[in-house]
Amino acid sequence: MPGDLFMVIDGNSLAHRAFHAIPALSTSKGVQTNAVYGFTTMLLKILDEKKPGLVAVCFDKGKITFRHDHYSDYKAHRKGTPDDLRPQFPLLKKLLETMRITILEEDGYEADDLIGALTTAAEKHNISSVIVTGDRDALQLVSPLTRVLLTKKGITELDEYDEGKVWEKYGISPEQLIDFKGLVGDASDNIPGVPGIGEKTASKLIKEYGSLEELIEKRNDLTGKIRAKMEEFREQALLSKKLATIIREIPVAQDMDRFRWQGPDYAELLALFSELEFKTLIRSILNRQGEGKKGKKGVAKNDFEVAGAGAYTVGYITIDDESSLKSAAAKIKDAAKIALALEGDRKSGLKAAALSIAGNIFLLPLEGGRGLSRAAALAWLKEICGDPDFRLLCHNAKEDMWRLKAEGIKLEGIFFDTMIAAYLLNPATSSRELTEVALEYLKIVLPSGIEAALPARAEAVRRLHGELSHGIEETGMDRLYYEVELPLVTVLAEMEMTGVKVDRDRLNEMSLELGEKIQSLSAAIHSMAGEEFNINSTKQLGYILFERLQLPVIKRTKTGYSTDAAVLEELAGSHEIVAQVLEHRQMVKLKSTYVDGFSPLIDPETGLLHTTFHQDVTATGRLSSAEPNLQNIPIKMEEGRKIRKVFLPRREGNIILSADYSQIELRILAHMSADPLLVEAFRKGEDIHARTASEVFGVRMEQVTREMRGRAKAVNFGIIYGISDFGLSRDIKVPRREAKLYIEGYFNRYRGVKNYIDRIVAEAREKGYVTTLLNRRRYLPDLFSSNHTVRSFGERTAMNTPIQGTAADIIKMAMVRIQREIVERGLATKMILQVHDELIFDVPLEEFEEMKELVKTRMENALALDVPLVVDMKAGQNWYEVKVIK
DNA sequence: GTGTTCACG
DNA sequence: ACGTACGTGAACACC
């Protein structure tokens, strides 16, 4: 047994440390896990580093220890365990159980004392120990056989102390640390020590006299104040030393063998990590386990799954000649479903395809060099992908459509998209990469880089279909999935591929103009500042404004001065430089993000801009747009709005048609809350903000001023976002008390809305999630946070998501139907953009009247609510010129 | 990679 | 007592 290292861990200390080091973290169902997570990472790391043969974790047990018998105020000032930490202790114990690590706790003793007893026992057996803790008191246990690993910053940095290091750091021996503490005391444990003696003096005295007892005995040698203190407080000093001393004579740990560590029960550990949603940890464990396994001869074998108790391998057949193609084709033809995985990017074309059916996985290489030509392989792939009668399973089918487009293949039979399904099941998770989804739902780690990776992906997609389709039905999202999201995939692909025509000449002109404007603004700003600096740097700008020019600091960020637009507007009166900076900011934004940002993304052949719509990003169900983002093209400010002039119809004579829902979110609120006033206003077709003003300010509609209407409008927005008086007051620039009155006034008049908000939050708390009209779901773990700010955020999300999400449901339904109708009628019109509540079409002149009617009707009737949906139609020669049409 | 700012609905 | 409206993507500076 000697030679083995004994690792003794202070469970309480590390749990607290982990709790504070890891920001709030919880499972999708709201179970707090930050301390468990931090503890686990730390534990795995040190076990891996030290590879101990024996391990024990000690916990405090029972509130009263022998130290209270001696001193009733012991630890009186220490705060109790935080509410969010306490429930994590059972999880920690469960973790240690699955790690097969022995837990030690004894009534009436602190973890410290147990640790002391254990290491002392180990020393008797001549076993080296290492103590892991965040508590410096453990340093007194350091000896030739015992070291201490002390947590430094965070959870991963540890300092190792042996005797030499203690001497170096404190100038005294480990045993003398308790004498030292007898003098100095410890505020956190409420150990008094000797008042007036600090670290410096204590250190000097102990070095000179060797121990506290010796010092007290020879106190007459001392002089002045210290002598008087030692006389007066000598009992207190001795008591302090006793309190600080770790008791080593607890009758535990005679049999060291009970701490022998055999390594974790991996199956149980994976199950626990899965329950706690520790995905990174699952992956690292699976990776570690999967090392060193190789395939067999003949059928290529690939161990991409290591789940639970046993490894699981999957073989695949490479299609590399006419005969293997023929036999594969025969099997594929009869397959009920075919999972597809493609390799290659949008530009360079396909490199390989993998197909998985029940019983067989095929790899189809497409880079030649084998007994099958690329053309023959692609021809077969086209037979499968181009035939709507096959039931194809994909992960991110839209991306596959782009990959296949490069080979002239249109993907037809999309039967299931695992990425979209995973999104609906939990839209809040950070990534929908196949690797992540497979890990979560199949508990497998997909290989990467090797040839076998693609067959593994196809098989994962096939298996995921089973899991996810089940989940979609169980959560009542089948209609949303099969009738909205899945058909939308092809609609979005069509939109992306169509692209938007851009006026490159105008773009270049704008770039030059903006460049000149920025130049002259820069010169003016630099001369007013009296020096050259980078205006784009908030740090440098902050220095100029608040230090050099001494302007008042309005707001701070966590790293320095805030210079955002709100701050600058407030400073605009103080110095003429400020307005110039604001304008400079605006121009730089327009030039870099839009004008110059587009250029590299425009297809040089066609002059088309192809955005990517992401269907799996937002937590609410909205789409997002990227590379470039065409959902945030300026409109509010005239200078920016001009950018819209570069967006043209794709052919001369075509027209841009824009259709946007009027007040869709407030209408949804009216429907969901059934508030009589709100419903009535919409049914009558009233000006909703004016009506709100009339209700809140208690005046007749005719008496509503512009200002009143503006404020009411802000209140209406606020209601949707989860209003606070603070936010409203900031937005409309009235005192907070006044904002508060508006909100109260609103809820007084619109009782139905108030009830709806209360109801939705209560329901969310009960179920852990909220839903939209089409049953789209969002889990809200924040609702159960003990942090007030986080919890309030959860509550606002609870009320906003059903509204924003239902609006997303509605426009998505409209898109699917409009696209279907365009195809059925054989129209040449193209849907080109969606901007949350707006659809934009590129319409040939001869289809204009038909499309106007079609779009308006389909959008307004996408979903029947208790209030009408109203769509405003605009048209023009470019996106800037669009004007309201009847 | 993070923080700040700002464009949109 | 707390910090503050919901949802995005992109550019830039700076570590």
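In what follows, chains are A, B, ... by sequence order, proteins preceding strands, each numbered from 1.
- Across all strands, A:R796 comes closer than 4.0 Å only to sugar-phosphate atoms, never to a base (heavy-atom distances).
- The phosphate of B:dT5 has neither OP1 nor OP2 within less than 4.0 Å of any side-chain N or O from A:Q586.
- Residue A:S592 places its side chain closer to C:dC12 than to any other of C:dC15, B:dT5, C:dC12.
- Nearest nucleotide to the side chain of A:T538, out of B:dC6, B:dT4, C:dC6: B:dT4.
- On a pure distance criterion of 3.5 Å, a polar donor-acceptor pair joins the side chain of A:Q804 and the base of C:dC6.
- Separating the CD1 atom in A:I602 from the NZ atom in A:K501 is a distance of 10.0 Å, to the nearest 0.5 Å.
- For the OP1/OP2 pair of B:dG3 and a distance below 4.0 Å, the side-chain nitrogens and oxygens of A:K558 include at least one atom meeting the criterion.
- Interatomic distance, A:Q819 CD to A:R858 CZ, rounded to the nearest 0.5 Å: 13.0 Å.
- Look at A:R585 and you'll find a side-chain N or O under 4.0 angstrom from OP1 or OP2 of B:dC6.
- A:S792 comes within 4.0 angstrom of nothing in the nucleic acid, heavy atoms only.
- Taking the C1' atom of each, B:dA7 and C:dG3 are spaced 26 Å apart, rounded to whole Å.
- Among the protein residues, A:E627 comes within range of the sugar-phosphate backbone only, with heavy atoms under 4.0 Å from sugar or phosphate atoms but none that close to a base.
- Residue A:A619 is classed as a sugar-phosphate contact, given heavy-atom separations below 4.0 Å to backbone atoms only.
- OP1 and OP2 of C:dT4 both lie 4.0 Å or more from every side-chain N or O belonging to A:R730.
- For A:N534 against C:dA13, no side-chain N or O and base N or O form a donor-acceptor pair under 3.5 Å.
- Proximity of A:R622 to the phosphate of B:dC8: no side-chain N or O atom is located under 4.0 Å from OP1 or OP2.
- Residue A:S537 places its side chain closer to C:dA13 than to any other of C:dA13, B:dT4, B:dA7.
- Rounded to the nearest 0.5 angstrom, A:Q580 CD and A:M587 CE are separated by 11.0 Å.
- Between A:D603 and A:H610, the side chains place no donor N or O within less than 3.5 Å of an acceptor N or O (distance only, hydrogens not considered).
- Remark: P of B:dA7 and CD of A:E639 are 10 Å apart, rounded to the nearest angstrom.
- Contact annotation for A:E838: no contact, since no heavy-atom pair falls under 4.0 Å across all strands.
- Distance noted for atom P between B:dC6 and C:dC2: 28 Å (whole Å).
- Closest contact between the side chain of A:T789 and the listed nucleotides B:dC6, C:dA10, C:dG3 involves C:dG3.
- Note that CE of A:M799 is 7.0 Å distant from OH of A:Y756, once rounded to the nearest 0.5 Å.
- A perpendicular orientation is assigned to the rings of A:F598 and A:Y594, their planes being inclined by more than 60° (bins at 30° and 60°).
- Straight-line distance from the CZ atom of A:R737 to the P atom of C:dT4: 23 Å, rounded to whole Å.
- Listed nucleotides: B:dT4, C:dG7, C:dA13. Nearest to the side chain of A:T557: B:dT4.
- If you check every strand for non-hydrogen atoms under 4.0 Å, A:T801 touches nothing.
- The A:H788 side chain lies nearest to C:dA1 when the options are B:dT5, C:dT4, C:dA1.
- Comparing B:dC6, C:dC15, C:dG7 against the side chain of A:K539 picks out C:dC15 as the nearest.
- Under the 30°/60° scheme for interplanar angles, the aromatic rings of A:F546 and A:Y561 are found to be tilted.
- Out of C:dA11, B:dT5, C:dT8, the shortest distance to the side chain of A:T593 is found at C:dA11.
- In this structure, the separation between CG on A:N878 and CZ on A:F647 is 10.5 Å, given to the nearest 0.5 Å.
- A:S624 contributes no side-chain N or O that forms a donor-acceptor pair with the base of C:dT8 under 3.5 Å.
- Geometric assessment of A:R778 against the ring of A:Y769 yields a negative cation-pi assignment under the 6.0 Å and 45° thresholds.
- Between the side chain of A:R736 and the base of C:dT4, at least one donor-acceptor pair of N or O atoms lies under 3.5 Å.
- Side-chain proximity of A:A626 to C:dG9, B:dT5, C:dA13: nearest is C:dG9.
- In the model, A:R585 has a side-chain atom that pairs as donor or acceptor with a side-chain atom of A:T563 under 3.5 Å.
- No engagement by A:I720 is indicated, since no non-hydrogen atom pair under 4.0 Å with the nucleic acid exists.
- For A:N632 and B:dT5, the CG to P distance is 18 Å, given to the nearest whole Å.
- Heavy atoms of A:V588 sit nowhere under 4.0 angstrom from any nucleic acid atom.
- For A:D564, taking side-chain heavy atoms from C-beta onward, the closest of the listed nucleotides B:dC6, B:dC8, B:dG3 is B:dC6.
- Counting non-hydrogen atoms under 4.0 angstrom, A:I635 reaches the backbone sugars and phosphates but no base.
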Encoded 5' to 3' (Watson-Crick or G-U under 3.5 Å; [ ] crossing; | other strand), DNA chain C becomes .....|||||||||.
